[in-house]
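For reference, the structure is listed below as structure tokens.
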Protein chains: 2
Amino acid sequence: MRISEKPLKEKGIRVTPQRAHVWRLLAESGTHMSAQEIWERTREVLPGMELSTVYRALEALREANLVVESHLPEGPALFEAHVSPHPHLVCERCGEVFHPEASPEIIRGLLAALAVGGFEVHELHVVARGLCPGCLGDEGGKRGGVRVEGERG
Amino acid sequence: MRISEKPLKEKGIRVTPQRAHVWRLLAESGTHMSAQEIWERTREVLPGMELSTVYRALEALREANLVVESHLPEGPALFEAHVSPHPHLVCERCGEVFHPEASPEIIRGLLAALAVGGFEVHELHVVARGLCPGCLGDEGGKRGGVRVEGERG
DNA sequence: CTTCATGCAAATTTTTTGCATATCT
DNA sequence: AGATATGCAAAAAATTTGCATGAAG
């Protein structure tokens, strides 16, 4: 078979149809999915696919740094093909998860700050809960955001 | 009873011994705990305490903005008395969770960046996985951190 | 041909829920 | 009194594991 298995080979992890399809799904979609979703969509191509296999494939891909796993405030973990660290914004109202690219300077600043404590960061996760632009419009009068230490009242 | 129930009253949530003790535990310890840990330690004072009650108390406290819930890459959620947003650093080797105060500028920068997308942030979570100073020392030769887009190779 | 991934089934872990009763305001 | 939290038991959700077999390097 000739799927998008190059990255797996390069990383030196064993290539199987299951892993290759999971990887392809994430890489081609360019977005995040739960293990369930990945399972359902992989089954269409590999009917015998098991959910536990999805988890094991994702773990292998994650260890190979091809995939990132994010734990949000609610629901199952989300997986996506690895790109530069970027925030995940979860809307409290519609539940949608947004993932804008964060400016590298912000991320670098964060990493630098963490490094001050002598910590070597391998993975960085930024997750925010709040209201997305769409739902903000619907909410009329609400207001108020995160209060940061040292801010003026 | 006369525990540390003032904040609960002020927030207008019903005060019960269970909630007051959960709150006191978190506020006095100044650190994070899993629901299990809170349960075990609350039972010492309230023998009939149920784990489900701990979860329900934590949810009430969270909605009142007295408590913050963090979902780390592994294990159960951790809860702590609400303070300004700060990172959680999880050591991959020893499993310890560190929570240094983050400089307000960094956090503000992050919030500002997120606001650009029109998102109103209510909660912000920064979670990093990596190696803590102690474990870094033990590891001899390892190296490598998070690669940020736009960095020099 | 040896090592490791998969399928299948079952177990674990973490969190949530229904309902009768007790407690708070 | 009226609203809501708790205890208890059971369920749901998410993820992990054991083991025999099959596929990959």
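Reminder, nothing fancy here: chain letters follow the sequence lines and each chain counts from 1.
- When the P atom of D:dA23 is taken as reference, atom CD of A:Q18 falls 10 Å away, rounded to whole Å.
- Checking D:dA14, C:dT23, C:dT16 against the side-chain heavy atoms of A:Y55 singles out D:dA14 as nearest.
- Atom pair A:W39:CH2 and D:dT15:P shows a separation of 14 Å (rounding to whole Å applied).
- Remark: P of D:dA13 and CG of A:L78 are 17 Å apart, rounded to the nearest angstrom.
- The pair B:E123-B:R62 meets the salt-bridge criterion, since a charged nitrogen lies less than 4.0 angstrom from a carboxylate oxygen.
- Taking the charged nitrogens against the carboxylate oxygens, A:R41 and A:E37 have no contact shorter than 4.0 Å, which rules out a salt bridge.
- Nucleic acid contact class of B:A77 (heavy atoms, under 4.0 Å, all strands): sugar-phosphate only.
- In this entry the distance linking CD of B:E74 with C1' of C:dT13 reads 13 Å, nearest Å.
- One interatomic measurement links the two molecules: CD of B:E5 to C1' of C:dT25, which rounds to 13 Å at whole-angstrom precision.
- The residue among A:G48 and B:E69 whose nearest nucleotide of DNA chain C lies closer to the 5′ end is A:G48.
- For B:R19 and D:dA5, the shortest distance from a side-chain N or O to OP1 or OP2 is below 4.0 Å.
- What separates NE2 of B:H71 from C1' of C:dT14 is a distance of 10 Å, to the nearest Å.
- Put simply, CD on A:E59 is 14 Å from C1' on C:dT6, counting in whole angstrom units.
- Using a 4.0 Å cut-off, no side-chain N or O of B:T16 falls inside it from OP1 or OP2 of C:dT23.
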Working for side chain to side chain contact (heavy atoms under 4.5 Å, CB included), residues B:E80 and B:S70: CA-CA 8 Å; B:E80 58 195 306; B:S70 295; 4.3 Å; yes
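- Rounded to whole Å, atom P of C:dT16 lies 10 Å from atom CG of B:L58.
- A:H86 contributes a side-chain N or O that, together with a main-chain N or O of A:S84, makes up a donor-acceptor pair within less than 3.5 Å.
- The nucleotide whose nearest atom lies closest to any side-chain atom of B:L51 is, among C:dT15, D:dT6, D:dA23, C:dT15.
- Between A:H99 and A:H32, the two ring planes are tilted [angle within 30° to 60°].
- Projected onto DNA chain C by closest heavy-atom contact, A:A60 and A:S52 fall at different nucleotides, the more 5' of which corresponds to A:A60.
- Side-chain N/O atoms of A:R14 and base N/O atoms of D:dA24 include a donor-acceptor pair closer than 3.5 Å.
- Within 3.5 Å, a donor on the side chain of A:R56 pairs with an acceptor on the base of D:dG18, or the reverse.
- For the pair B:A57 and A:K9, nearest-nucleotide mapping onto DNA chain D gives the more 5' position to B:A57.
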